[in-house]
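One-based numbering, in listed order, for ligands and for the atoms of each.
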Amino acid sequence: MSENQSPEILRFPAGFLWGVGTSAYQVEGGSLNSQWYEFEKAGGIRTGEPSGRACNWWQDAERDFDLAQAMGLNSLRLSVSWARIEPEEGIFNPEAIERYRQMLSALIMRNIRPVICLHHFAHPVWFEKKGAFLSRTCVDDFARFVKFTVSELSDLCSDWLTFNEPNVYAVEGYLDGGHPPALHGHIADYFEVLVNMALCHAKAYHTIHSLQKNAMVSFANHFIIFTEVRSQPFDRLAARIASDTFNNVFINMIAGKKGPPFTGLNRYLEQVKDTWDFIGVNIYGGVDVAFDITKPGTGFVRRMTPRNGRTGDLDPDGNAMFGEIYPQGIKIVVEKLAKYRKPFFILESGVPDRADTLRPWVIATAVKTMYDLICRGHRILGYHHWTLVDNFEWALGYSMKFGLVEMDPATQARQPRPSAAFYADIIKEKGLTPDMLRKYAPDALHEIFPASI
Ligand code: BGC
């Protein structure tokens, strides 16, 4: 070792899960029976691009599983498509299950432990037509699908997420109109959808545990770090409102904690309480907020982004998708929710970054933040970077590049970005060293190892 190399390593515990997150609609291709496909046909994608073959996983996920194996991943989050498994109400498709069994076996053969999410934004057209999570029967519909799917796959997987980001699903579908059913300002529906999803989640939680004794079941919650722009009571109130109606809205129900009044959120707390085995955290960014009396529709909250230049690529309208990219926020979330005494699983963290200029810093900062938390006694089971290969970014089509590996949707060609090698090195060493930062993320070196030269 040369004189100016530090021997330090931020070493992680054995058994820590290093993985990536993916979702069915974004990677499989050809999901013709989903409400998202209807949304595409209706012109919902801002770039006008169809999802098409996506990453071609329905034909050949194994190609990307090889990449995951080469990087040394020991965990991978995928979702199953309800639209493929139950294409008509009450009618299940054994071929879809067979394909998922192949995919799960292919992961296990590569020593990669799967985490399955049962609903990641997309579902069958028939379910959408019934009103989706506003329909009275959604709890039974979801339970029937979950029971069938988990019975068929439980010999190959024991880590389950019922929902990806109920808060984002409800905001985008019923308040901001960016995802189907593309409604704007339907505040009562927003809360109703969340309450129904909590009921669906709780029933699914008990169903899964009745089928599989060693199951670990939770959901992935999206967190945005809201910071008051001025240190004064009204802006602090705005930050609190934003957090309570977005970050904490679903979490509080599952924790059995009362949410804001007049929302209906507190109706079924006893029924849904404590139906989680770990806390699933998706976190990308932070925004500043101010109290704004002219904005009753957003709870009097005005958002200001970005706080600095770390935004990642801007979307086709010139907006920063997540405000400031803020992996340090993992600390804020974990410390705030530690009172629930559950282990944490960081299930999404990443950045849209075609040129891979910011991603290495994001990975390094997320790893350092988790390391510090683990050293202080917090239980963190694993980290999933979003995502393995560039994929279909919902209403933004293929414009946003979140992959460790670059993927051209037209040719299907793959080209690992430097971040893929960086992440592979971290996994190989089970931790982060100054040399890795010198090579891949020099801008993070002094933040993380201040003594290094
Ligand atoms: C979603 C992913 C999405 C990612 C990047 C998350 O909120 O779960 O499906 O691709 O953000 O926008």
Near-ring test W58/Y100, centroid separation under 6.0 angstrom:
yes
Would you mind listing which atoms of ligand 1 come within a distance below 4.0 Å of any non-hydrogen atom of H120?
1 (C), 2 (C), 8 (O), 9 (O)
So, is E348 polar-close to ligand 1, with some N/O to N/O distance under 3.5 Å?
yes
Under 4.0 Å to a heavy atom of H222 - the qualifying atoms of ligand 1, by number
7 (O)
Quick check on V168 - does any of its heavy atoms sit under 4.0 Å from an atom of ligand 1?
no
What protein heavy atom lies closest to atom 12 (O) of ligand 1? Include the residue and the distance to one decimal.
E393 OE2, 2.6 Å
With under 30° as parallel and over 60° as perpendicular, where do the rings of F145 and F142 fit, or are they tilted in between?
tilted
With a 6.0 Å cut-off on the ring centroids, do F250 and Y169 count as close?
no
Ring centre gap for H186 and Y190 strictly below 6.0 Å
no
Going by the atom numbers of ligand 1, which of them fall below 4.0 Å from some non-hydrogen atom of F322?
5 (C), 12 (O)
For atom 4 (C) of ligand 1, tell me which residue out of W394, F402, Y284 has the closest non-hydrogen atom.
Y284
Classify the ring geometry of F39 against W36: parallel below 30°, tilted from 30° to 60°, perpendicular beyond 60°.
perpendicular
Using the ring centroid of each side chain, check whether W57 and F65 are separated by less than 6.0 Å.
yes
Derivation and outcome, side chain to side chain contact (heavy atoms under 4.5 Å, CB included), residues Y326 and F223
CA-CA 11 Å; Y326 201 63; F223 294 89; over 6 Å; no
Can you list the ligand 1 atoms lying under 4.0 Å from a non-hydrogen atom of M321?
12 (O)
Atom 7 (O) of ligand 1 - nearest protein heavy atom and its distance:
E165 OE1, 2.6 Å
Any N or O of N164 that comes nearer than 3.5 Å to an N or O of ligand 1?
yes
